[in-house]
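Here is the structure we will look at, set down as structure tokens.
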Number of protein chains: 2
Amino acid sequence: MRAEPTASGTSSGRPELSPVDGLARLSFLVHRMLELRAAEHELSMIQTRLLGILRDRRPTINELAALLALDKSSTSGLVDRAARRGLVVRDPSPTDGRAVHVSLTDHGRSLVDEAAARFESDVLALLDHLPAADRRELSTLVSRLLVAHAAEQQIDLFPGRDGGRAT
Amino acid sequence: MRAEPTASGTSSGRPELSPVDGLARLSFLVHRMLELRAAEHELSMIQTRLLGILRDRRPTINELAALLALDKSSTSGLVDRAARRGLVVRDPSPTDGRAVHVSLTDHGRSLVDEAAARFESDVLALLDHLPAADRRELSTLVSRLLVAHAAEQQIDLFPGRDGGRAT
DNA sequence: TATTGTTATACTCTATAACTATA
DNA sequence: TATAGTTATAGAGTATAACAATA
């Protein structure tokens, strides 16, 4: 969005990006890393998100639509195209004659696993530009930021780790 | 992509996201903030990027295609749709009878300015979850990371601030 | 001949509305 | 009657290939 970097002069020798600029650029950079790795397997971002969700779930079309924030008709088409490529399968629900469960094929799983592994090493390589201490500090701050934001939005960032409602 | 948060236990009371998970989630969060603000003006991400570029330039279709990493035919169609909505105009190049220059209309500029302002306040509000000292530290680390990455990729993060080739 | 831009065609992605089958 | 999913339709966004106009 910004064209000029808005280098809010630190008056030290090193120019520094503004906080908003920095976060925006970092966001686009990481996003593009995932896009490129997905594209290596001819996966669009939405197909990649679909496969990512299916890594540990067998949702119905309706559940998928909610998770992807898409209309059920869009979701149906998305699953169609993935199924046509042999990445996912539809299975009838044993309990509801109207519903289907979508799950990964072995091929779909190998694609998403490989893309995820490559993306992870991309991000690690990016972080390697910082010395170890800075890297740890950055991770801690990012985590703290996300935890605070999730708390405000009443989102559970750590499902499984006792959602809070316990003793 | 990750379903489980991979809370690499810090063995302290507070769970912390893994570095890759944290950066990925932060990236998606910031990306979604821009998407939502753009959507308030019925702008897609690619239309928003187009208008963002035009804020301080009047590129040709070919130049736009390079900046957006799109084919020139895709760019032509993108500009068509933006022009049909009155957001941009094509003007013939004074020096090359084949080329056109694309620029913002007043309407297009007001849309992109407003979306940018709202996005900026979203990111500032997000950062407000951290105490001021942490916020400054995070910005510095993000900036340092991007500067190092840009240097490696031989990209100039600060155009105008003397591209280096000087005295 | 080479370059700039547009057009024709095809496919993915998305939503709305209408439909089928089951509950 | 309500819900789960699909299909019909329309439009944005993208690429490839073919084209027109200009250089």
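Just so you know, these numbers use all the heavy atoms, side chains as well, and skip hydrogens, waters and symmetry mates.
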Scan V102(A), L104(A), V89(A), D91(A) and name whichever one has a side chain to side chain contact (heavy atoms under 4.5 Å, CB included) with R58(A).
-> D91(A)

Taking 4.0 angstrom as the limit, do R90(B) and D80(B) come out as a salt bridge?
-> yes

L54(B) versus P59(B), closest heavy-atom pair with distance = CD2-CD, 3.3 Å

L127(A) to R135(A) - nearest heavy-atom pair and separation = O-CD, 3.0 Å

R49(A) to L67(A) - nearest heavy-atom pair and separation | NH2-O, 3.8 Å

Give the cluster check for I46(A) versus L36(B): same hydrophobic cluster or not, with ILVMFWY residues linked at side-chain heavy-atom distances below 4.5 Å.
-> no

Would you tell me whether N62(A) and T60(A) have side-chain atoms, one donor and one acceptor, within less than 3.5 Å of each other?
-> no

Supply the atom-to-atom distance S121(A) OG to R118(A) CZ, rounded to the nearest 0.5 angstrom.
-> 8.5 Å

Residues of residues 93-105 of chain A with a heavy atom under 4.0 Å from any atom of DNA chain C, listed by number, are D96(A), G97(A), R98(A)

Can you tell me how far the NE2 atom of H129(A) sits from the NE2 atom of H149(B), to the nearest 0.5 Å?
-> 6.0 Å

To the nearest 0.5 Å, tell me how far R55(A) CZ sits from L50(A) CG.
-> 13.0 Å

To the nearest angstrom, the CG-P distance between D91(A) and dG5(D) comes to 13 Å

Indicate, with a heavy-atom threshold strictly under 4.0 Å, whether R90(B) touches base, sugar-phosphate, or nothing.
-> sugar-phosphate

Between the protein and nucleotides 12-18 of chain D, list every N/O to N/O distance that falls short of 3.5 Å.
from	atom 1	to	atom 2	distance (Å)
dG13(D)	OP1	S44(B)	OG	2.3
dG13(D)	OP2	Q47(B)	NE2	3.1
dG13(D)	OP2	R81(B)	NE	2.7
dG13(D)	OP2	R81(B)	NH2	3.3
dA15(D)	OP2	D71(B)	N	2.9
dA15(D)	OP2	S74(B)	OG	2.6
dA15(D)	N7	S74(B)	OG	3.4
dT16(D)	O4	S73(B)	OG	2.7

Span of DNA chain C in contact with chain A (heavy atoms, under 4.0 Å) | dT12(C) to dA23(C)

